[in-house]
Amino acid sequence: MVARLCVEYWKLVRASQRAAQQLPDKDGRRMAAQVRFSDLQLATISGQLGLNLVSFDGEQFSVGMPASADNGDDFSQDEDLVVAKTLEPAVVREMKVVHKGRVLVARRSDEVQEE
């Protein structure tokens with residue numbers, strides 16, 4: 001239950017970061033500072049509980065990864081895939097996955113072309 005709450009808070013922080021970028025300078029900076037503080041609080045509190053939130057952006061995607069690919073059916077199993085975006089982090093406690101993450105994947109070749 002606490003792991004799920006951490007995931008939801010993580011998603012709220014990420015959405016707030018994007019929203020802060022859309023605000024005028026003064027308001028955006030103030031909101032961005034609050035969001036950074038909230039993100040630090042999330043890391044501190046989850047750490048005190050022994051929970052580690054793991055994002056996968058840019059990592060090679062593999063079947064053994066503690067995350068499922070929402071768009072995995074769009075690719076064949078033998079393709080070289082990377083995580084384009086973490087939708088939900090995995091929550092790990094003492095090297096055990098408490099909550100499996102969710103990601104979007106892309107072909108490594110597509111990822112290189114976009115950069």
Side-chain angles (χ1 to χ4, degrees):
M1 186 72 89
V2 172
R4 187 71 202 155
L5 182 61
C6 287
V7 168
E8 292 304 319
Y9 196 85
W10 181 91
K11 291 181 346 185
L12 181 60
V13 166
R14 298 308 174 274
S16 298
Q17 287 171 333
R18 289 189 301 275
Q21 293 172 351
Q22 302 300 317
L23 294 174
D25 286 344
K26 184 179 177 183
D27 293 332
R29 284 192 306 271
R30 186 179 9 220
M31 184 174 179
Q34 179 61 50
V35 170
R36 282 191 302 276
F37 177 76
S38 296
D39 196 31
L40 179 60
Q41 289 296 98
L42 175 60
T44 301
I45 293 168
S46 61
Q48 290 171 345
L49 295 170
L51 300 173
N52 186 25
L53 280 67
V54 182
S55 297
F56 304 98
D57 295 349
E59 292 186 27
Q60 180 167 344
F61 181 78
S62 66
V63 178
M65 182 177 275
S68 60
D70 280 16
N71 62 340
D73 291 340
D74 297 346
F75 305 96
S76 67
Q77 286 184 313
D78 59 341
E79 290 189 76
D80 188 18
L81 301 176
V82 295
V83 175
K85 182 177 183 179
T86 300
L87 301 174
E88 291 185 359
V91 181
V92 179
R93 183 178 196 179
E94 297 176 358
M95 301 301 289
K96 293 183 182 179
V97 178
V98 177
H99 176 83
K100 196 170 183 175
R102 290 179 43 232
V103 299
L104 292 178
V105 295
R107 288 178 192 87
R108 183 174 300 278
S109 57
D110 293 346
E111 187 77 9
V112 170
Q113 290 174 2
E114 290 177 10
E115 293 174 359

Undergrad: Using 0.5 Å steps for rounding, measure from the CE atom of M95 to the CG atom of N52.
TA: 9.5 Å

Undergrad: What pairs with K11 under salt bridge (charged side-chain N to carboxylate O under 4.0 Å, His left out), at least two apart in sequence or on another chain?
TA: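 Scan of K11 (salt bridge (charged side-chain N to carboxylate O under 4.0 Å, His left out), adjacent residues dropped) gives E8, E88.
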
Undergrad: Roughly how far, to the nearest 0.5 Å, is the CE atom of M65 from the NZ atom of K100?
TA: 10.5 Å

Undergrad: Compare every heavy atom of P66 with every heavy atom of A90, then report the nearest pair and how far apart it is.
TA: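 Smallest heavy-atom distance, with atoms named: CB-O, 3.4 Å.
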
Undergrad: Answer yes or no: is there an ion pair linking R30 with D27, defined by an N-O contact shorter than 4.0 Å?
TA: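 Yes.
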
Undergrad: Check residues 56-63 and write down every donor-acceptor pair under 3.5 Å in which the side-chain atom is one partner and the other belongs to a residue at least two apart or another chain.
TA:
{"residue": "D57", "atom": "OD1", "partner": "T86", "partner atom": "N", "Å": "2.6"}
{"residue": "D57", "atom": "OD1", "partner": "T86", "partner atom": "OG1", "Å": "2.8"}

Undergrad: Are L87 and V97 in one and the same hydrophobic cluster, where Ile, Leu, Val, Met, Phe, Trp and Tyr link if side-chain heavy atoms are under 4.5 Å apart?
TA: no

Undergrad: Quick one: pull up CG in N71 and NZ in K85 and give me the separation to the nearest 0.5 Å.
TA: 11.5 Å

Undergrad: Compare every heavy atom of A32 with every heavy atom of A20, then report the nearest pair and how far apart it is.
TA: CB-N, 4.0 Å

Undergrad: Under 4.5 Å side-chain heavy-atom separation, chaining through any Ile, Leu, Val, Met, Phe, Trp or Tyr, what else clusters with L42? Say none if it is isolated.
TA: V2, V7, Y9, W10, V13, L23, M31, V35, I45, L49, L51, L53, V91, V98

